[in-house]
Amino acid sequence: MESLQHLEAQLLEALKDIKTDAALNDIKAQYVGKKGHLAAAMQTMKTLPAEERPAFGQAVNALKTVLLNHLDSHQKALNEAAMMARLEQEVIDVTLPGVPFEQGSKHILSQIIERIEDLFIGMGYLIKEGPEVESDLYNFEKLNLPADHPARDMQDSFYIDEHTLLRTHTSPVQVRTMLAYGGEKPVKIICPGKVYRRDDDDATHSHQFMQIEGLVVDEKTSMSDLKGTLLEVARTMFGADREIRLRPSYFPFTEPSVEVDVSCANCEGQGCSICKQTGWIEILGAGMVHDNVLKDAGYDPTKYQGFAFGMGVERIAMLAYKIEDIRHFYTNDQRFLTQFKDDQGGLEE
Amino acid sequence: MNVSLKWLKEYVAHQATPDVVAQKFLEHAQEVAHVKPLSTVQGLKVGHVLSCEKHPNADKLSLTQVSLGDETLSIICGAPNVAADQKVIVAPVGVTMANGLTIEKVMLKDYPSEGMICSLEELGIDKKYHGEEGIHVLAQDAEIGADALAVMQLDDVVMELDLTPNRADLLSMFGVAYEAAALLEAPLTIPYPTIEESLLSNPMKISTQTSRCEAYYGRVLDTIEIRESPQWLKSRLIASGVRPINNVVDITNYVMLETGQPLHAFDYDALGSQEVVVREATEGETFKTLDGHIRQLKAGDILITNGNVPIALGGVMGGFDSEVETTTRSVLLESARFHPTSIRHTSRRLDLRSESSMRFERGVDPQKTRYALERATALLVQYAGATVREGIAYFDHYERKDALVELSLSRINRVLGTQLTVTEVSALLERLRFSHEPGECFYVTVPTRRQDIQTEQDLIEEVGRLYGFNQLPSTLPKLNTLGGLSPKQRRFRQLKNRLNTLGLHEAVTYALVKKETLSRFTFASSADAVQLKNPLSEDRQVLALTPLNGLVDTLRYHQSRQMTDTAFFEIGKRYTTNEENDILGLALANDALTHWQGNQAHDFYRLKGLVDHVLALYGLTATYQAVTHESYHPYQCAKIFLGDMHIGHLGALHPSVAKTYDLKHVFLAEINLTQCELHKRVNAPYVPISKTPIIQRDLALVVPKTTSAQRLIDVIEQLELTHFKDVEIFDVYEGEPLKDTERSLALRLRFNNPQKTLETAQVDEAIETVLKALKKSLNITVRDA
């Protein structure tokens, strides 16, 4: 029995030098193989008295389990070492740059339009679009701008022919929508899009620019509703603390007409260079739809009423981001475009 | 309109500060451009020049002793017109001048100077109003030591109103006074002139041959003495932005500013008749205006004639030959009303836009025509020594019909969103001085000074603004409707987001392009292009057929700034005379390795992958056909087809075209999104995932280079094999051992029967059919292993 005990220590000693799978297999054969030490030990069992044989047999089997466990562990250790050796070959410099997934950018004008669209969609508005080459009828006449109106000067518009021009605002989309709605269906829309004015391009003028106009027509929408709606616009674009101010103004297509100022976010209304010391910045024009406009679009002005507003998208962007030159929007310099992350907007939960 | 607040106080008794007045106008009436003192200089005094001697050490300087009453200052003066015994404007030490400099006690060439004798310019009064060189000399009766600005009536504050075109009434001090009285709830006084006529009667006969002159009033005044106007009058004109000239001209201007009614004074003795006939000019007629220019007239211009020859271009400018001169002794004073549109056309065409023409264009108060004549007559009697001939010669075709407008209280509240009462609305109308009968329905008589108010809506605006738009509650419309994007709008947003994620920047470029470049990057025909009649420049003359024009400019901008690795897209339009289609433009450029891991250069196939990606958004698969276009690489350009329909193209920009734009390695594509939207295949039905395995077979084929891969695919797909799923090209090889004219294409065909696992024999049979078909139709064989 002592010699059996001795085998475990002997195996452990032998395994210390085993570094390869082949050597391990050899050792395995030496100890637990058919011609190994344990097999030899079993051969000696015959020499034992019959009453000792069962105990001896059990001892040998127990020892076999122990030895196999040692061999197994060693095999695992060898595998692990081999894996480590291989992985060491695969060392990399983790600080080298990753393969770039170039990220494009959404144009800042698109971002602003989407933010305003989302605000109005949340309030139940549809987005309506229309042609940029427009007829005089929709661009002017049906907006209470009759043929000899000063605002229709050739100076201000790009004409295609006597009756066709590049739209000077997105209001014709409002006219088209009202006509399509047939004089009865309530209207609740905003109209974003490109518009054109015959201005030389400079830091504050662009012959092409973007507008968003809005129109609500039903039997009860009031000037107070206009004020509340525009307050939401101002707060969405310029911050939750903003206030608005309405000043009387004049547009042929609305009455009353107002120009709308937002309290200056830069100085919190105290007066600074951005708001020209007034604490207020003009952001849009608005008013109650003129009776003539309703009438021309088939809505009975004694029954229907509503509001309209219009804002320049570039102007909103310039104020919101302090952009100094309107031409940047159309130069599309990557270094400009990539500065505006599309991460604004949304309502707090 | 520049409003002198000092002048305003003559009509409106109020105690409000200039800032309060301005704030009221801003919030309730009209935009205020600014409120500024006429002169910012404070502490000026009237001085008496006691002595004036030449400075011993300087040729151009004078040493003066100037008395301010309680003290006498030594002042060195550089103006050549300073002299002893003058009354002058003195800025003592400590006074800050208009240019921001503060007067200090200084030594000038060894002599002390304790102040400054001022010119008007140094007070901040622009030279165009006085034309004075040197110091200003005050009237001899100026009280020594008094506040010099007050003495000159220049202690005024000017409020500049940015008028909207509807408020013609605010082009007069009277109109501003009515408005101020309403805003400040202050009493209002309007002067009424009284005139003593002489025994001589007014001999003028006045008539018109055109309806473009609605009224014409004329008075003849004798014994006129042309001289300088009194200081108060000059100061009011200066505050109003009008240059003083002489008493007659100044008084006509003053009354125009006061009443809004332009006036004109003719030299009576130069008229050549005792008749005024108003008529329209004939085409091509010429007339010499008082500025000495010969004007070419057009039919419709209004001419004032003496019955024979023209004497004025009505409402726009007087005539050269009848201008009031220093020798004038008698004048014909005209107060007339002309057709606004006619005046607008004439004044614009001749570029003669004046204070008068501006007022006529916007419409004058028909009840002020006669009044203005009388007001000016009274002032000419007082300040020009005039005697007045008996009677006014005139015609006036205005028929006074009181504008009686019904105003419903419920409509006011419905439109404004308020709960105003009859009493409140009545009080607001009272402030506006609109006579009315209060009630659930008000009957409002609108005065003629407010020509802009004709309807109930006009009155609601008046009530609303006076009540204050900022007093309104902030509410949202009660109208409940569904909001949302249209399917097309949703897809555009998705498209933008995807292209952004794929590394493309969105550009927004100008739609107007140069005519010559219309078809440069597109197959679209320039025949239907939309051209401007009045472009600002040749570069922006025609609406684009594709956003690629703008995108190429964008690439060029970047390459010229060493940003050579760029990718842009734009959703623009193709504008034609009949329709506007949405066109997606894709523009890729690169020139350099950009990453240590290897080149990820843009090329034709990368762009094609993008096109496929875009089309997939619409559920569409396109086919491609090689084509040529003079701006594209002759062998790297393809049209994109949906079935038979051409919906766009893609290609490498021709190197020589690229060179003209200083560009390299440019790939462009355009896709007609309007067509994609029309033919979209979205909402495909759900298909359960096949439980049986997909069997795939790879074929390496030797293909002549002249045979396009698409033809192989077409042949295979046309076989409509049972259980055939799809085919893809996964490798292309050229070179040894293939001939120069050949290449090898590796195709992977996939088969599946969802019902039952396919047997090898079935697939073998299908492959056999494919190979036979390829051999038969294209003479293509399997590549030897």
Side-chain angles (χ1 to χ4, degrees), chain A residues 96 99-107 109-110 114 120-127 131-133 148 150 154 158-161 186 188 194 198 200 207-208 216 218 220-225 227-229 231 245-250 255-256 258 288 290-291 305 329-334 337, chain B residues 26-31 164-166 341 344 414-417 455 457-458 460-461 464-465 469-470 472-486 489 493 496 499-500 502-511 530 532-534 536 540 554 557-558 563 566-567 575 580 595 597:
Chain A
L96 280 173
V99 177
F101 286 79
E102 286 294 342
Q103 180 64 41
S105 53
K106 187 173 288 178
H107 199 284
L109 295 175
S110 290
E114 288 186 9
F120 279 95
I121 287 169
M123 296 192 287
Y125 288 68
L126 291 176
I127 319 285
E132 293 166 32
V133 179
D148 232 335
M154 281 286 282
F158 286 119
Y159 275 87
I160 314 298
D161 59 42
K188 204 171 173 189
K194 290 175 185 156
R198 205 167 172 278
D200 282 312
H207 72 276
Q208 171 184 324
V216 178
D218 67 355
K220 53 185 182 290
T221 293
S222 71
M223 188 106 184
S224 300
D225 297 332
K227 193 178 165 195
T229 302
L231 184 61
R245 179 175 78 172
L246 273 51
R247 284 181 287 104
S249 188
Y250 170 80
E255 188 172 30
V258 286
M288 297 301 288
H290 199 285
D291 284 355
Q305 63 181 43
F329 296 109
Y330 295 92
T331 305
N332 298 298
D333 190 318
Q334 233 169 250
L337 296 177
Chain B
L26 183 81
E27 284 193 27
H28 298 278
Q30 292 278 289
E31 184 156 357
T164 55
N166 58 325
T341 314
R344 180 157 66 91
R414 189 159 61 101
V415 169
L416 297 177
T455 65
Q457 200 174 22
D458 296 335
I460 292 172
E461 177 169 53
R465 70 174 180 86
F469 295 133
N470 292 314
L472 297 179
S474 290
T475 53
L476 290 177
K478 318 296 173 286
L479 173 63
N480 271 320
T481 47
L482 285 179
L485 295 170
S486 71
Q489 290 159 352
R493 281 210 190 178
K496 288 180 182 184
L499 292 172
N500 288 158
L502 290 168
L504 282 79
H505 297 286
E506 185 189 7
V508 179
T509 65
Y510 295 130
V530 181
L532 297 185
K533 203 166 76 173
N534 59 340
L536 275 170
R540 310 252 169 255
T554 305
Y557 172 91
H558 286 85
M563 291 178 277
T566 44
Y575 304 86
E580 291 172 21
H595 194 255
Q597 282 269 311

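Convention: sequence-line order gives letters A, B, ...; per-chain numbering from 1. Computed from a predicted structure; not experimentally measured.
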Within the distance-only criterion (no hydrogens, no angle test), does the side chain of [X] pair as donor or acceptor with the backbone N or O of [Y] below 3.5 angstrom?
| X | Y | answer |
| --- | --- | --- |
| A:E102 | B:L502 | no |
| A:N332 | B:V508 | yes |
| A:Q305 | B:R414 | yes |
| A:K106 | B:N500 | no |
| A:S224 | B:L416 | yes |

Q: Any chance you could measure B:N470, atom CG, to A:K227, atom NZ, to the nearest 0.5 Å?
A: 5.5 Å

Q: Please assess B:L536 against A:R198 for the test side-chain contact (heavy atoms from CB on, under 4.5 Å), listing each intermediate value before the final yes or no.
A: CA-CA 7 Å; B:L536 275 170; A:R198 205 167 172 278; 3.9 Å; yes

Relative to chain A, which of [options] shows the most heavy atom pairs under 4.5 Å?
| options | value |
| --- | --- |
| B:L499, B:L504, B:T566 | B:L504 |
| B:S486, B:A567, B:A29 | B:A29 |
| B:H28, B:R540, B:E461 | B:E461 |
| B:E580, B:R465, B:E31 | B:E580 |
| B:G484, B:G464, B:A511 | B:G484 |
| B:K478, B:E27, B:H558 | B:H558 |

For [X], which atoms come within 4.5 Å of any heavy atom of chain A: side chain, backbone, both, or neither?
| X | value |
| --- | --- |
| B:T341 | side chain |
| B:Y575 | side chain |
| B:L482 | backbone |
| B:Q457 | both |
| B:A507 | both |
| B:L532 | both |
| B:V530 | side chain |

Q | side-chain contact (heavy atoms from CB on, under 4.5 Å) between A:M223 and B:F469, worked out | A | CA-CA 8 Å; A:M223 188 106 184; B:F469 295 133; 3.6 Å; yes

Q | Side chain, backbone, both or neither of A:H290 within contact of chain B (heavy atoms, under 4.5 Å) | A | both

Q. Using non-hydrogen atoms only, which part of A:L337 is less than 4.5 Å away from chain B: side chain, backbone, both, or neither?
A. side chain

Q.
Is it true that B:E506 and A:S110 share a donor-acceptor pair across their side chains at a distance under 3.5 Å?
A. yes

(Q) Is a donor from one side chain sitting under 3.5 angstrom from an acceptor on the other, for B:Y557 and A:D333? (A) yes

Q.
Which label fits A:Y330 and B:Y510: parallel for a plane angle under 30°, tilted from 30 to 60°, or perpendicular past 60°?
A. parallel

Can you find a heavy atom in the side chain of [X] that is under 4.5 Å from one in the side chain of [Y]?
| X | Y | result |
| --- | --- | --- |
| B:T455 | A:D291 | no |
| B:P477 | A:D218 | no |
| A:Y125 | B:T481 | no |
| B:L476 | A:D225 | no |

Q | side-chain contact (heavy atoms from CB on, under 4.5 Å) partners for B:T164, two or more places apart | A | A:S249, A:Y250, B:Q30, B:N166, B:R167

